[in-house]
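The next block holds one structure in the form of structure tokens; read it before the comments.
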Amino acid sequence: MKVIHTVGEMRAARARVADLGLVPTMGYLHAGHLSLVKRAKAENTAVAASIFVNPTQFGANEDLSRYPRDLPRDLGLLEAAGVDFVFTPDAAEMYPPGFDTQILVGGVTDRLEGAVRPGHFAGVATVVAKLFNIVQPTRAYFGQKDAQQSVVIRKLVRDLDLPVEVVVAPTVREADGLALSSRNSYLTAEERAVAPVIFQALSAARAHFDAGERDAEGLRQAVRRMLAEQPSLTVDYVSVADPLTLRELEAVDTGALVSTAARLGATRLIDNLILGGSAPR
Ligand code: AMP
């Protein structure tokens with residue numbers, strides 16, 4: 001496994017392989033990230049993972065400075081998973097003096113996470129476009145866990161004709177349903193015990209949907225009711241939206257994305273489920 005810190009070295013390494021899968025991450029890896037690596041290994045002759053805590057996707061009051069990092073451990077996990085290249089640039093390599101360009105994906109970025117985290121998806125779209133240009137992957141792998149991010153990246157690729165196939169893989173969960181996240185490491189034992197209610201609340205919406213409920217507000221209320229049972233949880237939003245446009249629905253006919261963001265102490269958690277329709281590719 002080759003660990004690469006510069007754009008030039010990454011381009012040179014990429015030129016030596018035919019098809020390449022890319023798994024972009026911010027590190028502090030868990031089984032969710034590794035499921036993406038496994039999928040990429042199965043579908044490409046070579047696999048690159050990137051580890052870059054991208055400062056431009058964090059707001060001023062967010063957790064950039066305390067975001068968990070453990071590069072030696074991450075490299076061990078990626079090596080064991082059979083990754084060929086790890087691209088881990090520092091911030092100055094990605095954003096040298098004079099850097100002054102942003103990619104603004106319209107429409108799907110102004111709601112949900114975009115409404116609560118202004119500027120977040122400009123940071124995401126810009127860094128992902130840079131990673132695509134540097135690594136030039138054949139395929140790039142993202143998690144359904146960050147549902148809106150996947151929608152934004154698919155739109156970025158379509159709108160700018162980027163020559164990459166975007167693959168979105170299912171969310172990996174703990175046994176109690178909590179979606180794996182690097183940010184779970186912030187949770188105290190008490191908060192960790194409360195956190196599975198997020199998945200339980202989303203599952204309540206799924207149960208209502210499976211029982212025939214098609215009124216989107218009824219589904220949102222099922223989620224809110226269960227979240228409200230935990231007073232230590234502060235809910236940012238509960239959404240039942242079109243999975244492609246992310247517009248809130250009145251009625252669910254074919255499918256919907258039910259998603260929520262909630263804060264437990266200093267930790268903000270997001271999760272979602274797809275109702276009906278097809279699972280993510
Ligand atoms: P991050 O390091 O949090 O930026 O995540 C890197 C990639 O891993 C993103 O595409 C995430 O959607 C994906 N990911 C994060 N958590 C999970 C999970 N629990 N299951 C599947 N994919 C995940």
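For ligands, and for the atoms within them, numbers begin at 1 and follow the listed sequence. Small disclaimer: the values here were computed from a predicted structure and weren't measured.
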Ala169 N/O under 3.5 Å from ligand 1 N/O: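 In this structure, Ala169 places no N or O atom under 3.5 Å from an N or O of ligand 1.
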
Nearest protein heavy-atom contact for [atom]: which residue, which atom, what distance?
atom: atom 20 (N) of ligand 1; value: Val172 N, 2.8 Å
atom: atom 4 (O) of ligand 1; value: Met26 CG, 3.5 Å
atom: atom 5 (O) of ligand 1; value: His33 NE2, 3.4 Å
atom: atom 6 (C) of ligand 1; value: Pro24 O, 3.3 Å
atom: atom 21 (C) of ligand 1; value: Pro170 O, 3.5 Å
atom: atom 11 (C) of ligand 1; value: Asp146 OD2, 3.0 Å
atom: atom 10 (O) of ligand 1; value: Gly143 N, 3.0 Å

Decide, yes or no, whether a salt bridge links [X] with [Y] under the criterion of side-chain N to carboxylate O below 4.0 Å.
X: Arg268; Y: Glu113; answer: yes
X: Glu191; Y: Arg263; answer: no
X: Asp176; Y: Arg192; answer: yes
X: Arg69; Y: Asp74; answer: no

Counting heavy atoms under 4.0 Å, the part of Val23 that contacts ligand 1 is neither

So for His30 against ligand 1, with non-hydrogen atoms under 4.0 Å, the contacting part is side chain

Using a strict cut-off of 4.0 Å, indicate which atoms of ligand 1 neighbour a heavy atom of [X].
X: Gly32; answer: 18 (C), 20 (N), 21 (C), 22 (N)
X: Leu36; answer: 7 (C), 8 (O), 13 (C)
X: Leu180; answer: 16 (N), 17 (C), 18 (C), 19 (N)
X: Thr25; answer: 2 (O), 6 (C)
X: Thr171; answer: 19 (N), 20 (N), 21 (C)

Note to self: Can you tell me how the ring of Tyr95 sits relative to the ring of Phe52, calling it parallel under 30°, perpendicular over 60° and tilted otherwise?
What the structure shows: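 Taking Phe52 first and then Tyr95, their aromatic rings sit tilted (interplane angle of 30° to 60°).
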
* In this structure, are over 12 heavy atoms from other groups packed under 6.0 Å from His120 atom NE2? ->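 Above 12, so yes.
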
Donor-acceptor pair, distance only, cut-off 3.5 Å: does the side chain of [X] make one with the backbone of [Y]?
X: Arg39; Y: Tyr141; answer: no
X: Lys2; Y: Ala13; answer: no
X: Arg111; Y: Gly107; answer: yes
X: Arg14; Y: Gln136; answer: yes
X: Arg173; Y: Leu180; answer: no

- Item | Shortest heavy-atom approach to atom 9 (C) of ligand 1 - which of Gln57, Gln149, Lys145, Glu174 |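 Minimum heavy-atom distance to atom 9 (C) of ligand 1 goes to Gln149.
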
* Closest to atom 3 (O) of ligand 1 (judged by heavy-atom distance), picking from Tyr28, Tyr67, Phe142 ->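 Ranked by closest heavy atom to atom 3 (O) of ligand 1, first place is Tyr67.
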
